[in-house]
Amino acid sequence: DMTDDVIEAVATLETQMPYIHMPIQAGHDAELKRMNRPYTVGHYREIVRKIRERIPGCAISTDVIVGFCGQTEEEFEATCALTREIEWDMIYLSRYSMRSHTLAKKTMKDDIPEEVKAARWHHMNEILKKNSLANHERFVGKIVQVLVERALPDGRLEGMSEHNKRTQFTVDASKDLKSLIGEIVPVKITAAQHWSLSGE
């Protein structure tokens with residue numbers, strides 16, 4: 001569904017933020033086929049290329065399932081390699097479990113042991129942590145626009161930036177913190193963490 005027209009809309013419409021969530025689920029064509037996904041890794045990779053060419057700096061997140069029925073070590077390693085290559089800003093990782101009324105439930109066996117699923121999940125999460133920190137570090141010293149969501153107990157505010165980055169920041173002591181909730185404010189990023197940004 002991520003056609004050239006959709007990419008152009010995200011690039012040009014003022015109401016669209018430079019962030020796209022585009023699930024891949026797995027990084028190996030044979031596994032995608034078993035998942036009944038109508039695309040290949042090559043097709044997905046080409047869409048990412050187009051997005052980054054047309055929207056420089058666009059944040060991209062994805063979904064990945066580890067331990068899908070019959071997932072081989074080769075298939076899992078292909079997903080790890082693709083993760084290092086694409087460097088998604090965020091991956092919503094899940095361990096496979098049978099879902100009612102799905103093709104997999106009707107035709108396949110959930111044959112990957114839970115301990116293998118757990119080990120693969122943790123391995124993928126370590127790759128994600130490195131990618132996420134590297135992506136966050138590019139914002140240090142820059143000003144981002146943050147939609148303020150809440151005040152934190154330590155006196156800072158928290159919200160989401162236009163790149164869908166969770167951001168905590170300090171505010172001038174003269175400001176009424178609650179009055180800023182729901183507002184979009186400029187925040188200068190001073191530090192990057194694995195899962196968030198800090199600023200003022």
Side-chain angles (χ1 to χ4, degrees), residues 1-12 16-138 163-165 194-195:
D1 296 327
M2 191 57 64
T3 61
D4 291 350
D5 286 348
V6 174
I7 294 171
E8 187 64 21
V10 176
T12 57
Q16 293 297 312
M17 299 297 98
Y19 166 72
I20 292 173
H21 180 71
M22 195 167 67
I24 192 167
Q25 308 298 358
H28 192 284
D29 287 347
E31 190 172 8
L32 288 172
K33 189 172 182 179
R34 289 200 309 280
M35 289 177 166
N36 204 29
R37 303 283 168 179
Y39 52 85
T40 64
V41 172
H43 179 213
Y44 187 99
R45 188 183 276 119
E46 176 62 12
I47 293 172
V48 170
R49 184 195 65 76
K50 288 181 179 181
I51 291 169
R52 289 181 169 161
E53 182 178 277
R54 184 64 185 90
I55 316 167
C58 183
I60 304 173
S61 61
T62 196
D63 295 337
V64 168
I65 298 170
V66 297
F68 185 74
C69 306
Q71 185 183 57
T72 65
E73 193 63 32
E74 178 189 349
E75 289 170 346
F76 173 68
E77 286 301 328
T79 301
C80 293
L82 190 67
T83 301
R84 294 185 189 96
E85 174 193 335
I86 291 182
E87 298 181 325
W88 286 289
D89 288 72
M90 176 54 68
I91 302 173
Y92 298 94
L93 280 170
S94 63
R95 303 174 200 183
Y96 178 73
S97 60
M98 282 288 186
R99 300 283 178 88
S100 300
H101 311 296
T102 62
L103 182 64
K105 172 83 171 177
K106 295 173 185 175
T107 63
M108 299 179 200
K109 183 180 178 183
D110 184 3
D111 56 356
I112 306 300
E114 290 303 317
E115 60 270 22
V116 173
K117 291 178 184 178
R120 289 177 179 177
W121 187 96
H122 286 290
H123 186 74
M124 281 287 298
N125 198 54
E126 286 303 310
I127 300 171
L128 170 61
K129 280 175 69 176
K130 291 177 184 176
N131 288 350
S132 180
L133 182 59
N135 281 322
H136 284 173
E137 286 173 341
R138 67 189 170 98
H163 291 85
N164 202 42
K165 305 294 185 183
H194 286 109
W195 311 121

- Task: Consider only side-chain N and O atoms of His21 and Asn164, and report whether a donor and an acceptor are under 3.5 Å apart.
- Result: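 No pair is found: no donor N or O on one side chain lies under 3.5 Å from an acceptor on the other.
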
So which atom in [X] and which in [Y] form the shortest heavy-atom distance, rounded to 0.1 Å?
X	Y	result
Ile55	Ala11	CG1-CB, 3.7 Å
Glu8	Thr12	O-OG1, 2.8 Å
Glu75	Ala30	OE2-CB, 3.8 Å
Ala78	Gly27	CB-O, 3.5 Å

- For side-chain contact (heavy atoms from CB on, under 4.5 Å), just list the numbers for Tyr44 and Met22, CA-CA rounded to whole Å, side-chain angles, deciding distance to a tenth of an Å, and then say yes or no. CA-CA 9 Å; Tyr44 187 99; Met22 195 167 67; 3.6 Å; yes

With sequence neighbours excluded, residues passing ring pair (Phe, Tyr, Trp, His ring centres under 6.0 Å) with [X]:
X	answer
His163	Phe139
His43	none
Tyr19	none
Tyr39	none

Hey, what do you get for [atom1] ([X]) to [atom2] ([Y]), rounding to the nearest 0.5 Å?
X	Y	atom1	atom2	answer
Asn125	His194	CG	NE2	10.0 Å
Gln71	Thr79	CD	OG1	6.0 Å
Met124	Ser94	CE	OG	10.5 Å
Ile91	Ile127	CD1	CD1	7.5 Å

Answer yes or no: is there a side-chain heavy-atom contact under 4.5 Å between [X] and [Y]?
X	Y	answer
Phe76	Val66	yes
Cys58	Arg52	no
Thr83	Trp88	yes
Leu32	Thr40	no
Ile20	Val10	yes
Tyr92	Val64	no
Lys109	Cys69	no
Trp195	Leu128	yes

- Does the distance from a Lys or Arg side-chain N to an Asp or Glu carboxylate O, for Glu73 and Arg120, drop under 4.0 Å?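 Here Glu73 pairs with Arg120 in a salt bridge, since their nearest N and O are under 4.0 Å apart.
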
Can you list everything that forms a side chain to side chain donor-acceptor pair (under 3.5 Å) with [X]? Sequence neighbours excluded, please.
X	value
Glu53	Arg49
Glu126	none
Glu87	none
Glu74	none

- What residue among Leu82, Ile47, Asp63 forms side chain to side chain contact (heavy atoms under 4.5 Å, CB included) with Ile24?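 By the side chain to side chain contact (heavy atoms under 4.5 Å, CB included) criterion, Ile24 pairs with just one of Leu82, Ile47, Asp63: Leu82.
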
- Task: Determine, step by step, whether Val41 and His28 satisfy the side-chain contact (heavy atoms from CB on, under 4.5 Å) criterion, reporting the C-alpha distance in whole Å, the side-chain angles of both residues, the deciding distance to 0.1 Å, and the verdict.
- Result: CA-CA 7 Å; Val41 172; His28 192 284; 5.6 Å; no

Restricting to salt bridge (Lys or Arg N to Asp or Glu O under 4.0 Å), what partner residues turn up for [X], sequence neighbours left out?
X	answer
Arg138	Asp89
Lys50	Asp4
Asp110	Lys117

- Query: Which residue pairs satisfy the salt bridge (Lys or Arg N to Asp or Glu O under 4.0 Å) criterion with at least one member in residues 21-33, sequence neighbours excluded?
  - Reply: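 Residue pairs passing salt bridge (Lys or Arg N to Asp or Glu O under 4.0 Å), neighbours aside: none found.
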
- Begin from the C-alpha positions of Ile51 and Ile60 and carry the test side-chain contact (heavy atoms from CB on, under 4.5 Å) through to its verdict. CA-CA 9 Å; Ile51 291 169; Ile60 304 173; 3.9 Å; yes

- Message: Checking Glu114 against Arg95 for the salt bridge (charged side-chain N to carboxylate O under 4.0 Å, His left out) test, could you report, in this order, the C-alpha distance in whole Å, the side-chain angles of both residues, the deciding distance, and whether it holds?
- Response: CA-CA 9 Å; Glu114 290 303 317; Arg95 303 174 200 183; 5.7 Å; no

- Message: Under the criterion side-chain contact (heavy atoms from CB on, under 4.5 Å), I'd like the reasoning laid out for Ile65 against Met35: C-alpha separation, chi angles, the key distance, then a yes or no.
- Response: CA-CA 10 Å; Ile65 298 170; Met35 289 177 166; 4.1 Å; yes

